[in-house]
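Let me begin by presenting the structure, written as structure tokens, before commenting on it.
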Amino acid sequence: MTYKTQARLWIAQRASAAVLAFCVVVHLVTIIYAVRNGLTATEILGRTRGSVAWFAFYSLFVLAVTVHAPIGLRPVLSEWLGWRGKSRDAALLVFAAFLAWAGMRAVLGVFA
Amino acid sequence: MKVSVKRGDSFQEYEVPRQASQTVLDVVMYIQRVLDPTLAYRYACRVGMCGSCAMMVNGVPRWTCRTHVDRVIEKDALTVAPLRNLPVIRDLVTDMREFFDKWARAKGQFSGSQTRSDEFERVPPQSEPRQLADAGIECIGCGVCYAACDVVKWNPQYLGPAALNRAWTLVNDVRDRSGLERLRAVSGDAGCLACHSHVSCTERCPKHLSPTAAIAGLKRAVTKAVLQGDL
């Protein structure tokens with residue numbers, strides 16, 4: 001991997017961290033507000049399904065996680081386990097795909 | 001006092017008399033001159049100018065010539081070992097080649113464009129680049145920050161705080177002409193972006209410099225260059 005790609009990955013991780021900081025705050029406030037008087041799963045789904053805005057928001061959340069987590073794991077794997085090179089990066093691409101799939105599966109289940 | 005000195009894979013213990021205003025270097029010199037002439041260690045100036053006597057003292061990298069025993073002794077015992085993160089040549093002497101090779105890899109050489117027949121370039125002392133360069137320029141290359149850095153331990157390719165601090169002083173040298181080349185050299189996985197900002201280098205620097213701030217400056221410079229399409 002070239003230094004250019006490495007620098008871009010680093011910037012992408014910082015940018016996705018900024019998005020995550022916003023998303024996590026909105027997410028926490030929303031769930032605390034939504035369940036303050038107690039809600040059943042059916043009631044929650046009744047409010048979330050069909051909402052384009054929330055679908056877009058949580059899709060952005062999933063995208064940020066998909067970018068942020070695998071890039072952050074790169075140095076963790078190399079510094080803690082000594083795993084470097086193409087095999088590590090390939091494994092992290094698979095992990096990113098898994099995060100995107102699992103995250104969007106949940107988003108589609110709640111908001112679609 | 002009881003002094004444990006790392007020699008090869010094990011520690012050897014010596015009994016050294018306490019003296020007033022005694023430094024750790026005094027202790028090591030006493031051992032070599034009085035108790036055991038085979039002990040190898042390195043020093044030159046004895047007054048905190050050359051940076052060659054740095055060692056691990058009770059697990060912390062320090063200049064031994066400027067470290068008074070009174071300040072670091074624990075239960076009348078002292079442990080002295082070679083600097084961490086560097087290959088050991090013998091006893092307390094480390095091989096500094098990799099440390100200085102990394103300065104070269106970080107493009108730590110000044111490269112100007114003018115000749116001796118040109119006029120002097122004028123750098124206002126109060127200008128921001130000059131102030132930023134000033135903040136890091138007093139490094140004497142002792143290796144204390146390098147030994148204190150956990151990222152060097154985990155990632156042997158990492159250029160380390162001293163080399164990156166040097167690169168930052170040159171990035172801020174308005175006379176230097178290889179800025180982008182230098183940013184390329186420090187922008188990969190082995191460069192400034194690998195720093196976790198543990199601040200151990202800044203905490204231990206005997207010159208009270210802040211390589212952490214220098215590395216943060218390099219991160220900003222690299223980010224700016226990438227966003228402007230220069231990297």
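Order of the sequence lines fixes the chain letters, A, B, ..., with proteins taken first and strands second; residue numbering starts at 1 for each chain.
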So is R36(A) actually on top of Y33(A)'s ring, under 6.0 Å and inside 45° of the axis? yes
Most contact-rich option vs chain B, by heavy-atom pairs under 4.5 angstrom, among G82(A), P75(A), A7(A), is A7(A)
Aromatic rings W54(A) and F57(A): how do their planes relate, parallel, tilted or perpendicular, breaks at 30° and 60°? perpendicular
Are the charged groups of D230(B) and R184(B) less than 4.0 angstrom apart, N to O? no
Scored by heavy-atom pairs under 4.5 Å with chain B, the best of Q6(A), K4(A), R8(A) is Q6(A)
Assess whether a salt bridge exists between R182(B) and D176(B), defined as any Lys/Arg side-chain N lying under 4.0 Å from an Asp/Glu carboxylate O. yes
One option among D189(B), V151(B), V226(B) has the most heavy-atom pairs under 4.5 Å with chain A, and it is D189(B)
Where does K153(B) contact chain A at under 4.5 Å (heavy atoms): side chain, backbone, both or neither? neither
